[in-house]
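So that the names make sense, note that chain A is the first sequence line, chain B the second, and so on, each numbered from 1. None of these values were measured; they are calculated from a predicted model.
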Amino acid sequence: MKDFYLEIKHIDKKTGARYGILHTPHGDVEVPMFMPVGTLATVKTLSPEELKSMGSGVILANTYHLSIRPGADIVAKAGGLHKFMNYDGPILTDSGGYQVFSLAEKRKITEEGVHFKNHLNGDKLFFSPEVAIDIEEKLGADIIMSFDECIPYPSSYEYTKRSTERTLRWAKRGKDAHKREDQALFGIVQGGDYEGLRKMCAEELAKMDFPGYSIGGTSIGEPKDVCFRMIDYAVKYLPEDKPRYLMGVGSIDYLLGGVARGIDMFDCVLPTRLARHGALMTSTGRVNIRDAKYKEDFSSLDENCDCYCCRNYTKAYLRHLYVCDETFGKRLLSIHNIRFLIRLMEGAREAIKEDRFQEYMDEKLAQFGDKRGF
RNA sequence: GGAGGGGUAGCGAAGAGGCUAAACGCGGCUGACUGUAAAUCAGCUCCUACGGGUUCGGCGGUUCGAAUCUGCCCCCCUCCA
């Protein structure tokens, strides 16, 4: 599809981090970028206008969840996801492959596909590469994902091999089923922590010539060095001119580490979930806004942040809203966390353009702490 | 004045002789969250120098043993006069 392509503008000389423009049917966005997750066709608590004002580019929605509620046909009748949720920027739908992992007790995998028990009422559901693509075509996102199995970590070599080979067959089936010209279908590299399997998977997907590639099976509890290794194993064998998407990554250290390894796109529920739970990523580290020490703290959440929340409200007020379980508090905190990650990536892009990404990463890791969770 | 009912940890509320430092809820304090079954989940919440110490309105009594039985007293609530 010609409406969709990555225009690489600059590659950081020291690290190989990429700066570019991703062209999509719903506008151009700069990469590397962080994509907020809106599983049920809403980034929880936030309006599209708010997202736009934070500099959001692509946002996610989820095939499995939307197929249950409200149903793909209803979204299609509404005119597709963009119209349904009133977001005119690019949208990406995950295929349900993550639910194969997260709803493991409620599904059975066969060669044909995955039999789920609806997590809400136990209804029988069947997802296959063809079913997922059919739903994704009805939803109408700009970028859609192949139906895969997100393999748990750790998994045995035998299982990982069997599953990865099946995911490859599913990728082919999905590609054959995909007909819409205005959607970019990405392949997903699995292969666990096994270099040979990651290589095989990446090479086979590359042969199928997808408009973009994801790295899956990451950020599901594995140690950081393992995650970085899995990225390295896959990236080496992916075409340079296509976008690379690391699935499920949203903490500062993983994001920067991913960028340094040549990743262009990231998504994660972390900023929105943390925000709803009162945990904030700030330029001085993690803040749990519920903590009593903020009771009379009338300073802003992050003096260095330009978001609506930090420009207008104090920690004492945000704590008050959190403690009282007021929705507005969750919204303000979500605005902050998302803006925080979007800004982190804006900084990364500027640094890449000037060949100083390594310095940028070192500085940020020193500032925020090189640890998981924020 | 008469007749009932009741006082349990910060609050509400179980418990009716040993398994009780006392269920549970709220409140308070602290963690965790990674392609969202998550506005969720977990821990702590009498004091402690971690050996133990002091608790169930108060002071006595019975008992090997009392928040639980008993005497008196102090409060609170409802109804009647």
Side-chain angles (χ1 to χ4, degrees), chain A residues 34-46 58-66 68-69 92-107 116-122 125 132 136 141 143-151 153 186 188-190 213-224 227 245-255 257-258 263 265-281 286-295 319 321-334 337 341 371-374:
Chain A
F34 175 76
M35 309 182 287
V37 179
T39 303
L40 287 163
T42 170
V43 176
K44 294 188 192 301
T45 77
L46 302 179
V58 178
I59 62 172
L60 263 70
N62 184 278
T63 300
Y64 169 88
H65 289 284
L66 290 175
I68 294 176
R69 293 185 306 193
L92 182 157
T93 45
D94 187 27
S95 60
Y98 182 73
Q99 280 61 45
V100 178
F101 162 78
S102 66
L103 300 177
E105 325 82 81
K106 300 191 176 301
R107 53 71 172 160
F116 284 99
K117 269 165 104 176
N118 177 327
H119 67 284
L120 297 171
N121 62 15
L125 299 171
E136 293 192 281
I143 303 170
I144 67 177
M145 303 306 299
S146 295
F147 187 60
D148 66 331
E149 180 196 356
C150 177
I151 305 168
Y153 177 86
F186 278 33
I188 303 178
V189 182
Q190 291 291 343
Y213 300 87
S214 312
I215 298 170
T218 50
S219 58
I220 48 172
E222 78 285 2
K224 184 155 60 180
C227 176
Y245 162 27
L246 180 61
M247 308 184 83
V249 158
S251 61
I252 295 160
D253 50 351
Y254 280 59
L255 287 169
I263 301 294
M265 306 158 66
F266 304 85
D267 82 287
C268 197
V269 305
L270 197 62
T272 43
R273 182 180 294 167
L274 285 181
R276 271 177 280 119
H277 297 169
L280 295 315
M281 308 182 205
R286 179 177 172 136
V287 166
N288 286 337
I289 199 66
R290 173 185 47 189
D291 289 357
K293 60 185 167 191
Y294 302 119
K295 209 174 246 175
R319 176 178 193 274
L321 294 181
Y322 185 81
V323 165
C324 298
D325 197 26
E326 282 292 338
T327 305
F328 186 48
K330 298 179 204 312
R331 204 168 112 209
L332 289 173
L333 297 176
S334 296
N337 268 357
L341 289 187
K371 54 182 169 176
R372 197 164 175 268
F374 55 110

Set out, line by line, the N/O atom pairs under 3.5 Å between protein and nucleotides 25-29 of chain B.
residue, atom, partner, partner atom, Å
B/C29, OP1, A/Arg319, NH2, 2.8
B/C29, OP2, A/Arg319, NH2, 3.3

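- When the P atom is compared between B/C64 and B/G57, the two are found 25 Å apart, to the nearest whole Å.
- Regarding A/Leu280, its CG atom lies at a distance of 15 Å from the P atom of B/C33, rounded to whole Å.
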Give me the distances for all protein-to-nucleotides 36-39 of chain B N/O pairs that come in under 3.5 Å?
residue, atom, partner, partner atom, Å
B/U36, OP1, A/Asn62, ND2, 3.1
B/U36, OP1, A/Asp94, OD2, 3.2
B/U36, OP2, A/Thr39, OG1, 3.0
B/U36, O4', A/Arg273, NH2, 3.2
B/U36, O3', A/His65, NE2, 3.2
B/U36, O3', A/Gln99, NE2, 3.2
B/U36, O2, A/Arg273, NH2, 3.1
B/U36, N3, A/Arg276, NH2, 2.9
B/U36, O4, A/Thr272, OG1, 2.7
B/U36, O4, A/Arg276, NH2, 3.2
B/A37, OP2, A/Gln99, NE2, 3.3
B/A37, OP2, A/Ser102, OG, 2.5
B/A37, O5', A/His65, NE2, 3.0
B/A37, N6, A/Lys106, NZ, 2.8
B/A37, N1, A/Glu105, OE1, 3.2
B/A38, O2', A/Arg276, NH1, 3.3
B/A38, N7, A/Arg273, NH1, 3.1
B/A38, N7, A/Arg273, NH2, 2.8
B/A39, OP2, A/Arg276, NH1, 2.3
B/A39, O2', A/Asp325, OD1, 3.4
B/A39, O2', A/Lys330, NZ, 3.2

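- Partner assigned to B/G31 is B/C41, using Watson-Crick or G-U wobble distances below 3.5 angstrom.
- For the C1' atom pair drawn from B/C72 and B/C77, the interatomic distance equals 22 Å after rounding to whole Å.
- Aromatic ring centres of A/Phe116 and A/Tyr64: separated by under 6.0 Å.
- In this structure, B/U68 makes no Watson-Crick or G-U wobble pair, since no nucleotide meets both defining distances under 3.5 angstrom.
- In this entry the distance linking CD of A/Glu149 with C1' of B/G35 reads 14 Å, nearest Å.
- Base orientation of B/G35: anti, since the glycosidic angle falls outside 90° of 0.
- Here B/C24 sits opposite B/G12 as a Watson-Crick or G-U wobble pair (both hydrogen-bonding atom distances under 3.5 Å).
- The separation of B/G10 from B/U48, taken at their P atoms, amounts to 14 Å, rounded to a whole angstrom.
- Smallest separation of non-hydrogen atoms from A/Asp148 and A/Gln190: OD2-NE2, 2.8 Å.
- In this structure, B/C50 makes no Watson-Crick or G-U wobble pair, since no nucleotide meets both defining distances under 3.5 angstrom.
- A/Asn288 comes within contact range of the sugar-phosphate backbone alone, with a heavy-atom separation under 4.0 Å but no base atom that close.
- Residue A/Ala275 is out of contact with every strand shown, counting any heavy-atom pair closer than 4.0 Å.
- Only the C1' atoms considered, B/G18 is 33 Å distant from B/G4, to the nearest whole Å.
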Original post:
Are A/Ser251 and A/Asp253 close enough, and set up right, to give a side chain to side chain donor-acceptor pair (under 3.5 Å), and what steps lead you there?
Top reply: CA-CA 6 Å; A/Ser251 61; A/Asp253 50 351; 2.8 Å; yes
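- For A/Ser95, the side-chain atoms get nearest to B/G35 when compared with the rest of B/U40, B/G35, B/U34.
- Proximity of A/Thr272 to A/Asn337: side-chain heavy atoms (C-beta onward) are nowhere separated by under 4.5 Å.
- When all heavy atoms of A/Glu222 and A/Ile220 are compared, the closest pair comes out as OE1-N, 2.8 Å.
- Comparing the P positions of B/G15 and B/G31 gives a spacing of 37 Å, expressed to the nearest Å.
- In this structure, A/Leu270 places its CG atom 12 Å from P of B/A32, rounding to the nearest Å.
- B/C69 and B/G17 are spaced 8 Å apart, taking the C1' atom of each and rounding to whole Å.
- No side-chain heavy atom of A/Phe186 sits under 4.5 Å from any side-chain heavy atom of A/Met247.
- Considering CG of A/Leu246 and CG of A/Asp267, their distance stands at 8.5 Å, rounded to 0.5 Å.
- Base engagement by A/Gly217 is indicated by at least one non-hydrogen atom pair under 4.0 Å involving a base atom.
- Going from atom CG of A/Leu103 over to atom NZ of A/Lys117 covers 12.0 Å, rounded to the nearest 0.5 Å.
- Summarising the base pairing, B/U62 is matched to no nucleotide, lacking a Watson-Crick or G-U wobble pair whose two defining distances lie under 3.5 Å.
- A/Gly248 and A/Cys268 get closest at one heavy-atom pair: O-SG, 3.6 Å.
- Checking B/C79 for Watson-Crick or G-U wobble geometry (two distances, each under 3.5 Å) identifies B/G2 as its partner.
- Residue A/Met281 comes nearest to A/Pro271 through the heavy atom pair CE-CA, 3.8 Å, listed as atom of the first residue, atom of the second, then distance.
- Between A/Tyr245 and A/Leu92, the closest side-chain pair of non-hydrogen atoms falls below 4.5 Å.
- For the pair A/Leu92 CG and B/G35 P, the interatomic distance rounds to 13 Å; values are reported in whole Å.
- Following rounding to the nearest Å, A/Ile289 (CD1) and B/A32 (C1') show an atom-to-atom distance of 17 Å.
- The separation between A/Asp253 atom CG and B/C33 atom C1' is 14 Å, rounded to whole Å.
- With both ends at atom P, the span from B/U54 to B/C44 equals 25 Å, rounded to whole Å.
- The C1' atoms of B/C46 and B/A9 are separated by 7 Å, rounded to the nearest whole Å.
- Pairing partner, B/G17: none, since no Watson-Crick or wobble contact has both distances short of 3.5 Å.
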